[in-house]
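Attaching a single structure in structure tokens format; questions to follow.
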There are 2 protein chains.
Amino acid sequence: MNSQIKAREVLAMHGISPSRPRVAILKYMQENFVHPTADVIFKHLRSTHPSLSLTTVYNTLKLFAEKGICVPLSINDKQVCYDINLHPHSHFFCTECGRVFDIPQDESAQLLQSTTLGGHRISEVHVYFKGICSSCLPHESN
Amino acid sequence: MNSQIKAREVLAMHGISPSRPRVAILKYMQENFVHPTADVIFKHLRSTHPSLSLTTVYNTLKLFAEKGICVPLSINDKQVCYDINLHPHSHFFCTECGRVFDIPQDESAQLLQSTTLGGHRISEVHVYFKGICSSCLPHESN
DNA sequence: ATTTGCATTGTAATCATAACAAATAATGCA
DNA sequence: TGCATTATTTGTTATGATTACAATGCAAAT
């Protein structure tokens, strides 16, 4: 299939050898454009890949994140979920069902003050940056 | 002291009885305008409140959050930290030292595309909303 | 002083994630 | 083709944050 090839291509582009579990996990993320946790992926692939272990899923997701294939999201305090959508966009986390929805960036920019967004009722807005703070940065020239 | 009074006032305003641990925890948060985890608070108050238990800190922070005195932040995947600053603002998480800095909202709005912010080097931008999604919302009239 | 009910405590349980060592597969080369 | 070397995967065990829960303590009201 197409996504099978695509998954292998993506792995190759990032210098990752295309082992069975890696291809399966990436393919899953490409086909199911959700924001899965390690556990969700594990449970979905269990039937078709009986030997797959949860540890492998964790390792693989961490590897993907390091290589820039996906991004870990700490939206809720329980589990980390992963996003293969690398285009700039925001997220909406439903406190009822726990699903994470993608929100186009321009939509979210103007709606930072609004209370509804695409039919969802917003109760919290979170914006945060990650990086290296001024005191941890190597000092340039003094 | 002033903040002692202020802490008790805030508790009263939110219908929370001012027990020793609650006053101490709130006072700590008001005086040290950081973004502490339960553990950080516990360790700081341990010396002056020898009988304090970690469970009480967890319970109290959860209570404060429910009553709207503070906001839990899931910025990093390890521990939840709490913010008593309720004014709209963004956060900067340093991946080196783990500290969380407040970022004025207007500053962050324009700098969503920038790579530095008040001397910090930005590598990730996260925007997310929380609320109830359209399918979990009670249907209005149909 | 006694009751009543909330608050705190300490311990034990849970759950996500990481560490680690053993088993397995993949790759290159004689 | 068959072995040697290295990378991956697996299963189990450990860790660390958070919660559950039962027992104790405390404070206001009678």
**Q.** Nucleotide nearest A:Ser19 when distance is taken to its side chain, options D:dT9, C:dT8, C:dA18
**A.** D:dT9

Q.
Nearest to the side chain of A:Arg22, heavy atoms from C-beta on, is which of D:dT10, C:dA16, D:dT8?
A. D:dT8

Q: Write down the distance between CD1 (A:Ile41) and P (D:dT9), rounded to a whole number of angstrom.
A: 14 Å

Q: Round to the nearest Å and state the distance from A:Arg46 atom CZ to D:dG11 atom C1'.
A: 13 Å

Q: Could you tell me whether the side chain of B:Tyr82 reaches within less than 4.5 Å of the side chain of B:Met29, counting heavy atoms only?
A: yes

Q.
Please confirm whether the shortest side-chain N or O distance from A:Ser17 to OP1 or OP2 of D:dT8 is below 4.0 Å.
A. yes

Q: Can you tell me the distance, in whole Å, between the CG atom of B:Leu52 and the C1' atom of D:dC26?
A: 16 Å

(Q) Side chains of B:Thr37 and B:Phe42, heavy atoms from C-beta outward: is any pair under 4.5 Å? (A) no

Q: With DNA chain C as reference, determine whether B:Asn59 or A:Val80 sits nearer its 5' end, using the nearest nucleotide of each.
A: B:Asn59

(Q) With heavy-atom distances below 4.5 Å as the criterion, would you say the side chains of A:His35 and A:Ile84 are in contact? (A) no

**Q.** Distance, rounded to the nearest Å, where B:Leu63 contributes CG and D:dT19 contributes P
**A.** 13 Å

**Q.** Side-chain donor/acceptor of B:Thr55 to base of C:dT11, under 3.5 Å
**A.** yes

Q) Between D:dT10 and A:Ser51, is there an OP1 or OP2 to side-chain N/O distance shorter than 4.0 Å? A) yes

**Q.** Candidate nucleotides D:dG11, C:dT9, D:dT18, ranked by approach to the side chain of B:Leu54 - the nearest
**A.** D:dT18

Q: Could you verify whether a donor N or O on one side chain and an acceptor N or O on the other, from A:His44 and A:Asn32, lie under 3.5 Å apart?
A: no

Q. Starting at CG of A:Asp39 and ending at C1' of C:dA18, how long is that distance when rounded to a whole Å?
A. 15 Å

Q. In whole angstrom, what separates A:His49's NE2 from C:dA25's P?
A. 14 Å

Q.
Counting only side-chain nitrogens and oxygens, does A:Tyr58 get under 4.0 Å of the OP1 or OP2 atom of C:dT17?
A. yes

Q: Please report, rounded to the nearest Å, how far the C1' atom of D:dC21 is from the NZ atom of B:Lys62.
A: 13 Å

Q: Between D:dT19, D:dT8, C:dT17, spot the one nearest the side chain of B:Lys78, thanks.
A: C:dT17

**Q.** Spacing between B:Ile25 atom CD1 and C:dA7 atom C1', to the nearest angstrom
**A.** 12 Å

Q) With nearest nucleotides of DNA chain C determined for A:Pro18 and A:Gln79 from heavy-atom distances, which residue corresponds to the more 5′ nucleotide? A) A:Gln79

Q: Please confirm whether the backbone N or O of A:Phe93 pairs with a side-chain atom of A:Arg99, one donor and one acceptor, at under 3.5 Å?
A: no

Q: Answer with base, sugar-phosphate or nothing: what part of the nucleic acid does A:Thr37 contact at a heavy-atom distance below 4.0 Å?
A: nothing

